[in-house]
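These notes are about the structure you will find just below.
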Amino acid sequence: MNSFVNGFMKSSVDGARRRAGVSIVLAVALLPVLTAVAAAQVRADDLNDRPGIDPQPKPTVDIEYILGRAHIRRGGTGTVVFSVRTAVPLRSLAVAIDFDETRLQARNVSRMDVEDASPVLADALARTIQNNFDRSPGNQINEGWIAVKLDSGDDRRALIEPSDVPIPVLRIEFRALATADFGFTPLIFREVQSEPVEPPDVAEVFDNRVEEASPDGGQVNAFGLGDENFREGGIEIIGEVGFFMRGDANFDLERNITDPTVTLRFLFMNGPPLLCDDSGDSNDDGQLDVSDAVHTLNRLFISSDPFPAPHDWGVDPTPDDLGCDIYTS
């Protein structure tokens with residue numbers, strides 16, 4: 001009898017080990033496919049989130065306008081950095097940024113300190129206009145925007161010198177409204193239009209463009225910028241400290257194929273660390289490992305069982321050593 005029980009237990013343990021081994025091999029083998037699917041989804045989502053962008057090709061200039069990202073608690077403030085990478089010396093630049101004024105409020109725009117940028121940039125002639133009004137609910141084209149123009153004041157003088165790395169130009173402070181929905185809200189480079197305030201009754205239009213400096217005194221070239229010149233950013237609006245959703249490894253308040261992909265890339269491909277280890281701990285065992293990606297795949301495509309709590313958005317009911325760097329950084 002004992003030998004029968006021992007044999008049965010050994011068979012069960014061996015079977016469990018084999019199943020775990022198969023799950024790990026399957027998860028790692030599927031990683032390239034999951035990464036490709038997630039990347040395609042991100043590209044599709046990005047295109048869907050940018051209404052009104054002209055699909056026609058525009059002249060390519062080796063210049064990038066770059067917006068960073070920030071995490072802001074609802075009702076709190078945070079800063080996003082605007083940077084420029086350019087292959088030509090720039091005499092001037094204009095930047096127009098659209099945001100959702102029902103979720104964000106622009107508070108302050110300032111140039112980078114001298115030690116963070118060139119002396120010319122710190123002394124540049126600047127004009128900054130911002131609009132936080134919501135006169136036409138649902139209109140995100142002409143409301144909720146920031147426009148900044150910087151000029152060296154001299155055709156021969158470069159505002160920003162050519163550089164292979166992005167040069168920080170502006171700090172933009174935002175406040176997340178206390179009534180804002182949780183989640184990501186984009187900051188988009190887009191032509192914006194001011195409200196006419198005095199005669200003549202003409203609204204001023206701001207767009208994204210640069211002028212090239214001319215050290216030899218020749219012609220100053222002006223360039224409009226198109227989709228290929230932009231790397232857009234945004235703000236993740238978060239709730240109370242310690243709140244998260246189980247299985248939401250990329251912390252976007254959704255569970256989909258991207259979540260196990262992010263976890264596997266972090267574990268096996270030197271990917272970036274998770275913003276919230278607790279949300280990546282899909283099976284709530286207090287560890288962040290391959291079993292979490294396997295558990296998420298199982299819940300998404302095989303089993304209908306719910307994820308461990310918190311199911312939507314809440315605190316961790318299970319004491320462990322995992323936490324969220326997002327709240328302490």
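In this text, all values refer to a predicted model and were calculated from it rather than measured experimentally. Every heavy atom of this structure was used, including side-chain atoms; hydrogens, water molecules and symmetry mates were not.
Side chain to side chain, Ser152 and Asp154 fail the donor-acceptor criterion of an N or O pair below 3.5 Å. For the residue pair Asp100/Thr102, the side-chain donor-acceptor check at 3.5 Å is satisfied. Side chain to side chain, Asp284 and Ser282 fail the donor-acceptor criterion of an N or O pair below 3.5 Å.
Pro308 and His295 get closest at one heavy-atom pair: CD-CE1, 3.8 Å. Nearest heavy atoms, Thr263 versus Ala249: OG1-CB, 3.4 Å. Taking each heavy atom of Glu161 and Pro89 in turn, the nearest pair found is OE1-CB, 4.2 Å. Here the closest non-hydrogen pair linking Ala94 and Lys149 is CB-CG, 4.0 Å. When all heavy atoms are compared, the tightest approach of Met245 to His311 is CG-O, 3.3 Å. The heavy-atom pair separating Leu274 from Gly280 by the smallest distance is CD1-CA, 3.9 Å.
A single hydrophobic cluster is seen to contain both Val88 and Val84, as judged by linkage of ILVMFWY side chains at heavy-atom distances under 4.5 Å, directly or through other members. Val262 and Phe268 fall within the same hydrophobic cluster, defined by Ile, Leu, Val, Met, Phe, Trp and Tyr side-chain heavy atoms under 4.5 Å apart, directly or through other members. Taken together through direct or relayed side-chain contacts under 4.5 Å among Ile, Leu, Val, Met, Phe, Trp and Tyr, Leu104 and Val95 form part of one hydrophobic cluster. One hydrophobic cluster, built from ILVMFWY side chains closer than 4.5 Å, holds both Val290 and Leu288. Residues Leu170 and Val81 do not share a hydrophobic cluster, clusters being chains of Ile/Leu/Val/Met/Phe/Trp/Tyr side chains in contact below 4.5 Å.
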Quiz item: So Asp62 and Arg85, salt bridge (Lys or Arg N to Asp or Glu O under 4.0 Å) or not? Walk me through it.
Solution: CA-CA 8 Å; Asp62 192 11; Arg85 184 196 63 78; 2.9 Å; yes
Quiz item: Hey, mind stepping through Phe244 and Phe251 against ring pair (Phe, Tyr, Trp, His ring centres under 6.0 Å) and telling me if it holds?
Solution: CA-CA 8 Å; Phe244 66 95; Phe251 212 72; 7.9 Å; no
Exercise. Start with the C-alpha gap between Thr258 and Asn256, add the side-chain angles, then the distance that decides, and say whether side chain to side chain donor-acceptor pair (under 3.5 Å) holds.
Key: CA-CA 5 Å; Thr258 305; Asn256 51 40; 3.3 Å; yes
Quiz item: Would Ser214 and Asp216 count as a side chain to side chain donor-acceptor pair (under 3.5 Å) if you check the C-alpha gap in whole Å, the side-chain angles of each, and the deciding distance to 0.1 Å?
Solution: CA-CA 5 Å; Ser214 178; Asp216 60 0; 3.1 Å; yes
Practice problem: For the pair Arg246 and Asp316, evaluate salt bridge (Lys or Arg N to Asp or Glu O under 4.0 Å) and give the outcome as yes or no after the intermediate values. | Solution: CA-CA 9 Å; Arg246 183 74 64 188; Asp316 190 356; 3.0 Å; yes
Exercise. Report the C-alpha separation of Asp305 and Ser303 in whole Å, then their side-chain angles, then the decisive distance to 0.1 Å, and conclude whether the side chain to side chain donor-acceptor pair (under 3.5 Å) test is met.
Key: CA-CA 5 Å; Asp305 293 339; Ser303 172; 3.2 Å; yes
Exercise. Apply the test side-chain contact (heavy atoms from CB on, under 4.5 Å) to residues Thr86 and Val210: give CA-CA distance (whole Å), side-chain angles for both, the deciding distance (0.1 Å), then the verdict.
Key: CA-CA 10 Å; Thr86 176; Val210 297; over 6 Å; no
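You'll find the side chain of Phe189 reaches within 4.5 Å of the side chain of Ile97, heavy atoms only. Taking 4.5 Å as the limit, some side-chain heavy atom of Ile146 sits within range of a side-chain heavy atom of Phe99. Asp181 has its side chain out of reach of Arg74: every pair of non-hydrogen atoms, C-beta onward, lies at least 4.5 Å apart. Using a 4.5 Å heavy-atom threshold, the side chains of Leu187 and Val80 count as touching. Looking at Asn208 and Phe230, their side chains come closer than 4.5 Å, going by heavy atoms from C-beta outward. Proximity of Leu267 to Asp292: side-chain heavy atoms (C-beta onward) are nowhere separated by under 4.5 Å. Side-chain contact between Ser83 and Ile167 is absent, with no heavy atoms from C-beta onward closer than 4.5 Å. Contact check for Asp151 versus Leu159: no side-chain heavy atoms found under the 4.5 Å cut-off.
Without hydrogens or angle criteria, Ser279 side chain to Asp248 main chain gives a donor-acceptor distance under 3.5 Å. A donor-acceptor pair under 3.5 Å is formed between the side chain of Asn229 and the backbone N or O of Ile63. With hydrogens and angles ignored, the 3.5 Å screen pairs a side-chain donor or acceptor of Arg103 with a backbone N or O of Phe184.
The cationic atom of Arg209 (NZ for Lys, CZ for Arg) does not lie both less than 6.0 Å from the six-membered ring centre of Phe223 and within 45° of the ring axis.
Ring geometry, Phe82 versus Tyr65: the interplanar angle exceeds 60°, so the pair is classed perpendicular (tilted spans 30 to 60°).
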